[in-house]
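All remarks here apply to the structure that follows.
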Amino acid sequence: MLSAAASSTPMSLLLLQMLLLLAVASAEPDGRCLTKCGDVEIPYPFGIGHNCSLAEGFSLICNTVGGLKKPFYGNVEVLNISLTMGQVRMLNHISSACYYPNHSFVSPSEWTLNMAPPYRFSDRLNKFTVIGCHTLAYIVSRHDNSSYQSGCVSMCQNKKSLTDGSCSGVGCCQTSIPKNLTYYSVTFDNAFRNQGNWGFGNCSYAVLLEAESFQFHTSYITTNQFMQINSDGWAPVVMDWTIGHETCEVASHNLSSYACISNNSTCIDSSNGPGYLCNCSTGYQGNPYVSNGCRDIDECNQQSNSCSDGANCQNLPGNYSCHCPEGTHGDAYNGTCIPNQKLSLAVKAVIGTSISLTFLLVFGMCICMIYQRRKLIQSRKRYFSEHGGMELREEMRKLGLAFRIFSNKELERAINRVDKISRILGEGGYGIVYKGDIGDRFVAIKKPKVISERKKKEFGKEMLILSQVNHKNIVKLLGCCLDVEVPMLVYEFVPNGNLFDQIHRRIDTLAVRLNIACDSADALAYLHSSASPPIIHGDVKSANILLDENFTAKISDFGFSRLNPKDKEQFATFVQGTHGYLDPEFVRTGKFTEKSDVYSFGVVLLELLTRKKAIYFDENGEETYLASSFILPKKEDRLEEHLDNQGASEEDEQLIERIGELAVQCLSARGEERPTMKDVADQLNNMRKFKQHSWTSSNAEDNQSFHPVTSDAQTSTSNTSCISEVSLRIECAR
Ligand SMILES: *[C@@H]1O[C@H](CO)[C@@H](O)[C@H](O)[C@H]1NC(C)=O
Ligand SMILES: *[C@@H]1O[C@H](CO)[C@@H](O)[C@H](O)[C@H]1NC(C)=O
Ligand SMILES: *[C@@H]1O[C@H](CO)[C@@H](O)[C@H](O)[C@H]1NC(C)=O
Ligand SMILES: *[C@@H]1O[C@H](CO)[C@@H](O)[C@H](O)[C@H]1NC(C)=O
Ligand SMILES: *[C@@H]1O[C@H](CO)[C@@H](O)[C@H](O)[C@H]1NC(C)=O
Ligand SMILES: *[C@@H]1O[C@H](CO)[C@@H](O)[C@H](O)[C@H]1NC(C)=O
Ligand SMILES: *[C@@H]1O[C@H](CO)[C@@H](O)[C@H](O)[C@H]1NC(C)=O
Ligand SMILES: *[C@@H]1O[C@H](CO)[C@@H](O)[C@H](O)[C@H]1NC(C)=O
Ligand SMILES: *[C@@H]1O[C@H](CO)[C@@H](O)[C@H](O)[C@H]1NC(C)=O
Ligand SMILES: *[C@@H]1O[C@H](CO)[C@@H](O)[C@H](O)[C@H]1NC(C)=O
Ligand SMILES: *[C@@H]1O[C@H](CO)[C@@H](O)[C@H](O)[C@H]1NC(C)=O
Ligand SMILES: *[C@@H]1O[C@H](CO)[C@@H](O)[C@H](O)[C@H]1NC(C)=O
């Protein structure tokens with residue numbers, strides 16, 4: 001078993017070598033195998049005892065030397081074993097040669113070490129080292145089937161030439177060895193004898209040792225210190241070992257003998273001769289020669305893991321990964337993890353506060369809007385029912401009326417469809433009249449400013465009555481709007497303005513004026529007698545007589561609650577007759593009747609005849625009532641001054657006179673003396689019939705045209721000469 005012995009013969013060495021080569025791979029060591037001898041770990045494929053090692057060459061002995069347990073390979077002590085490097089550190093004997101003063105030369109202690117495979121002397125780590133003066137020593141070996149011999153000479157000139165740490169031929173000499181050396185022996189050349197003559201030491205030394213473990217000291221020349229520091233004549237030498245003598249490629253094909261059995265292990269060809277080694281794959285560590293011997297390295301638990309400072313490390317099988325923690329970024333492997341741009345607490349607070357404030361604001365506004373809207377809807381509903389909308393709707397449904405209840409929105413839209421300039425038709429103390437477009441036609445929308453409490457309550461009822469008023473000379477009430485505080489009324493649109501505005505401008509033929517008077521009288525008569533209940537207009541005046549495109553009169557603004565009142569007190573509150581038209585009897589007695597309308601109509605008749613306003617300024621600049629001024633001049637026979645009978649024929653003069661008489665009747669101070677509206681209408685109609693008859697018989701081209709502009713122009717031009725001569729005498733029935 002022993003492969004080396006100081007006194008062994010070449011024959012026995014060969015025999016031992018043969019035995020070693022025959023060593024076969026054995027099974028893995030079981031639990032009985034020692035894994036440690038003294039302080040030295042014995043990892044598989046090495047083993048102590050039978051069947052504990054991979055091959056005979058890895059089988060060690062554990063001996064007790066001086067009370068300490070030490071592993072031996074043969075008689076060579078093993079210091080430690082490295083699996084990863086495939087190396088074993090052993091102790092090599094230091095050979096020496098001494099010369100003594102009595103001139104006797106002690107035969108040098110020469111040494112032979114025959115390491116059979118799997119061991120080879122490491123050519124990288126070992127140096128053949130010779131110490132002494134005047135010394136030549138040889139390392140002798142076999143190399144590639146041939147003999148190898150390499151000498152090293154060390155000379156000393158004087159003590160001063162020796163230097164600590166320097167081993168370059170002065171007192172110390174080192175030489176490398178080739179690869180693949182398994183056999184080693186030392187011989188001293190007798191020709192170079194260290195005779196001690198020069199006061200140097202008497203002994204020379206030669207050994208193959210681990211270069212790193214050696215450092216030359218000058219004392220090694222003069223004393224035997226070198227022998228003593230290295231465990232009494234032994235020096236460490238590094239052996240490379242391999243598995244078998246095949247390459248990885250070959251060996252890996254024979255799985256029954258392949259030594260790299262662990263998961264995640266790799267095979268490496270030896271750099272120092274035949275055979276291979278096993279190693280754990282990168283990221284693994286342990287013993288590649290036993291199954292599952294290679295264990296994952298927990299890189300994250302290593303003191304200096306490869307992640308950057310502050311980075312999070314995650315261990316993976318055979319690897320690891322690094323991540324910068326939440327809120328940071330950067331190179332987690334190499335650089336540093338830099339915190340993300342962080343907003344300062346103050347900025348955060350400001351942002352947070354403003355966001356929540358904005359939210360609150362928006363939320364509040366929404367609530368407010370919803371509340372407002374609801375309030376609006378509620379108030380609309382309230383107004384609607386206050387104004388009797390429910391009852392009105394119910395009645396309408398029953399009667400099937402063509403009356404319509406508009407919503408405020410609809411009317412606003414209708415008004416907005418008309419351009420701004422022509423939007424307002426009239427404006428006054430009562431409110432505003434707008435023009436509106438409800439899609440299929442234009443309408444007039446009357447928007448009063450105020451409404452009295454009483455009217456409010458009866459509004460719906462009144463609407464019901466007024467909506468049934470249907471006469472061609474009465475402006476048709478199309479609908480109303482109840483869901484506002486002051487209800488609005490929607491009338492048919494009459495395009496040509498009112499009589500008050502037009503009377504001075506365009507209407508000057510008698511025929512047209514008679515027509516207007518007739519139509520208005522018809523309408524009022526209808527209101528007084530045919531409507532049920534009777535309706536008193538209450539505000540008859542030229543401004544309330546509208547004219548359509550054919551100058552047909554249409555009474556408007558009747559009875560916005562001038563239904564026949566039940567008691568006088570109530571009545572007084574709502575009569576709002578216009579100054580100049582107001583019945584003096586009503587002023588005196590406070591009694592308002594149909595005859596009050598008759599009085600007012602008398603004033604309108606006068607307006608038509610005179611083309612003066614109900615209250616006008618006379619030549620002296622005094623405010624004068626048309627009614628009184630008309631009646632007073634009668635006595636002085638100056639009535640004709642007031643009458644506008646320009647260009648009138650003799651027939652017309654009579655007609656004008658008759659109309660004047662009628663007007664004076666209407667203006668009677670006492671109501672019962674005035675004719676009824678029906679009477680007035682009948683008389684006017686008779687006059688019209690008579691006039692038409694005379695027209696058709698005498699003046700064909702003048703016809704009965706209601707187009708005042710054209711017909712008027714003809715008439716007036718033909719009669720300009722007579723204007724001043726025409727006069728009318730009116731007998732007032734009084
Ligand atoms: C060693 O192994 C061989 C074969 O596996 C077996 O025959 C022998 O008994 C074992 N020796 C010991 C001491 O266990
Ligand atoms: C091997 O042994 C030497 C000498 O005893 C010691 O200095 C070295 O640290 C050891 N190496 C290992 C890897 O155990
Ligand atoms: C085995 O692996 C280790 C770690 O990966 C490495 O240091 C060593 O050099 C490798 N051994 C050989 C013989 O390549
Ligand atoms: C070496 O020789 C000198 C005389 O030459 C002698 O004094 C000395 O003791 C010797 N040293 C040893 C170790 O024998
Ligand atoms: C010379 O001296 C050494 C030790 O001092 C001794 O061992 C040796 O026998 C001596 N030789 C002779 C020939 O006296
Ligand atoms: C090796 O040496 C032996 C005997 O010394 C000889 O027979 C053999 O041919 C040599 N082989 C080589 C490859 O030189
Ligand atoms: C594989 O190795 C075993 C043991 O070393 C040996 O007996 C066998 O012949 C080898 N097989 C091949 C194919 O090399
Ligand atoms: C390799 O590892 C897997 C699971 O990690 C295991 O199942 C398998 O047996 C292992 N193979 C060897 C040869 O150890
Ligand atoms: C380690 O071995 C296992 C099982 O054989 C395999 O799945 C894994 O990929 C190996 N890891 C490496 C880094 O080769
Ligand atoms: C190493 O030496 C052995 C004999 O000791 C020889 O058979 C082998 O071919 C040599 N290999 C190399 C690579 O020198
Ligand atoms: C380990 O991870 C790094 C980075 O993710 C990668 O570059 C490397 O190739 C990995 N190594 C192995 C053996 O998976
Ligand atoms: C780490 O940084 C060094 C020096 O900056 C660079 O050479 C190296 O390639 C970097 N490694 C990785 C994995 O980024």
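In this text, all values refer to a predicted model and were calculated from it rather than measured experimentally.
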> side chain to side chain contact (heavy atoms under 4.5 Å, CB included) with Phe403: which of Leu392, Leu478, Val490?
Replying inline: Leu392

>> Within the structure provided, determine whether Thr593 and Val598 are in side-chain contact (heavy-atom separation under 4.5 Å).
In response: no

>> Let's go through Asp419 and Arg423 carefully: what are the C-alpha distance in whole Å and the side-chain angles of both, what is the deciding distance for salt bridge (Lys or Arg N to Asp or Glu O under 4.0 Å) to 0.1 Å, and is it a yes or a no?
In response: CA-CA 6 Å; Asp419 59 278; Arg423 190 177 282 174; over 6 Å; no

>> Return the SG to CG distance between Cys666 and Asp597, rounded to the nearest 0.5 Å.
In response: 11.5 Å

> Taking the side chain from Asn685 and the backbone from Ala681, do they hold a donor-acceptor pair closer than 3.5 Å?
Replying inline: yes

>> Minimum heavy-atom separation for Leu608 and Ala517, please, with both atom names.
In response: CD1-CB, 3.7 Å

> Closest heavy-atom contact between Val418 and Asp437?
Replying inline: CG2-N, 3.8 Å

>> With heavy-atom distances below 4.5 Å as the criterion, would you say the side chains of Pro534 and Glu594 are in contact?
In response: yes

> Do Leu655 and Leu514 come within less than 4.5 Å of each other through their side chains, counting heavy atoms only?
Replying inline: yes

> Should Val484 and Lys447 count as side-chain neighbours, where that means a heavy-atom distance under 4.5 Å?
Replying inline: no

> His471 versus Ile555: any side-chain heavy-atom pair under 4.5 Å?
Replying inline: no

> Just by distance, do the side chain of Ser556 and the backbone of Val475 share a donor-acceptor pair under 3.5 Å?
Replying inline: no

>> Run the side-chain contact (heavy atoms from CB on, under 4.5 Å) test on His537 and Asn544 for me, step by step, so that the C-alpha distance in whole Å, both residues' side-chain angles and the decisive distance to 0.1 Å come before the verdict.
In response: CA-CA 10 Å; His537 188 292; Asn544 277 341; 3.9 Å; yes

> What distance separates Asn686 CG from Gln683 CD, expressed to the nearest 0.5 Å?
Replying inline: 7.5 Å

> What's the shortest heavy-atom distance between Gly479 and Phe406, and which atoms?
Replying inline: CA-CE1, 4.0 Å

> Given the rule in the salt bridge (Lys or Arg N to Asp or Glu O under 4.0 Å) test, do Arg404 and Glu410 qualify, once you have shown the distances and angles that lead to the verdict?
Replying inline: CA-CA 12 Å; Arg404 186 169 157 195; Glu410 275 178 300; 2.7 Å; yes

> Do you know the tightest heavy-atom contact between Lys613 and Leu626?
Replying inline: O-CB, 3.5 Å

> What distance separates Cys518 SG from Asp682 CG, expressed to the nearest 0.5 Å?
Replying inline: 9.5 Å

> Can you tell if the side chain of Ile615 reaches within under 4.5 Å of the side chain of Thr624, non-hydrogen atoms only?
Replying inline: no

> Can a cation-pi geometry be assigned to Lys381 and Phe384, taking NZ or CZ under 6.0 Å from the six-membered ring centre and within 45° of the ring axis?
Replying inline: no

>> Give me the atom names and distance for the closest heavy-atom approach of Asp548 to Pro495.
In response: CA-CD, 3.9 Å

> Any ion pair linking Arg688 and Asp519 (charged N to carboxylate O, less than 4.0 Å)?
Replying inline: yes

> Just wondering, more than 12 heavy atoms not from Glu326 lying within 6.0 Å of its CD?
Replying inline: no

> Hey, does the Lys NZ or Arg CZ of Lys446 hover above the aromatic six-ring of Tyr434, less than 6.0 Å from the centre and inside 45° of the axis?
Replying inline: no

> Any side-chain donor paired with an acceptor under 3.5 Å for Tyr599 and Ser668?
Replying inline: no

> Could you walk me through whether Glu623 and Phe617 pass the side-chain contact (heavy atoms from CB on, under 4.5 Å) check?
Replying inline: CA-CA 5 Å; Glu623 197 184 63; Phe617 295 95; 4.2 Å; yes

> Do Asn550 and Asn496 get their side chains close enough for a donor-acceptor pair, meaning under 3.5 Å?
Replying inline: no

> Do Met677 and Phe601 have side-chain heavy atoms sitting under 4.5 Å apart?
Replying inline: yes

>> Can you tell me if Glu394 has over 12 outside heavy atoms packed within less than 6.0 Å of its CD?
In response: yes

> Taking the side chain as C-beta and beyond, is there a heavy-atom pair between Arg611 and Arg513 under 4.5 Å?
Replying inline: yes

>> Under the criterion side-chain contact (heavy atoms from CB on, under 4.5 Å), I'd like the reasoning laid out for Met687 against Ile659: C-alpha separation, chi angles, the key distance, then a yes or no.
In response: CA-CA 8 Å; Met687 287 180 221; Ile659 297 170; 3.5 Å; yes

> Short question: side chain of Thr353, backbone of Ile351 - any donor-acceptor pair under 3.5 Å?
Replying inline: no

>> Under a plain distance cut-off of 3.5 Å, with no hydrogens placed, do Asp679 and Thr676 share a side-chain donor-acceptor pair?
In response: yes

> At what distance, to the nearest 0.5 angstrom, does CD1 of Ile545 lie from OG1 of Thr552?
Replying inline: 13.0 Å

> Applying the salt bridge (charged side-chain N to carboxylate O under 4.0 Å, His left out) test to Asp583, which of Arg670, Lys595, Arg674, Arg588 qualifies?
Replying inline: Arg674

> Taking all atoms of both residues into account, what is the closest heavy-atom pair of Asn408 and Asp483, and its distance?
Replying inline: N-OD1, 3.2 Å

>> Distance check, rounded to the nearest 0.5 Å: Ser600 atom OG versus Phe586 atom CZ?
In response: 10.5 Å

>> Is there a side-chain contact (heavy atoms from CB on, under 4.5 Å) between Val604 and Tyr581? Walk through the geometry before answering.
In response: CA-CA 8 Å; Val604 173; Tyr581 297 89; 3.9 Å; yes

>> Just verifying a value: how many Å separate Arg413 CZ and Ser407 OG, rounded to the nearest 0.5 Å?
In response: 6.5 Å

> Any ion pair linking Lys541 and Glu607 (charged N to carboxylate O, less than 4.0 Å)?
Replying inline: no

> Is Arg658 salt-bridged to Glu661, cutoff N-O under 4.0 Å?
Replying inline: no

>> Set out, in order, the CA-CA distance, both residues' side-chain angles and the distance that settles salt bridge (Lys or Arg N to Asp or Glu O under 4.0 Å) for Lys409 and Glu412, then state yes or no.
In response: CA-CA 5 Å; Lys409 246 187 208 163; Glu412 274 171 12; over 6 Å; no

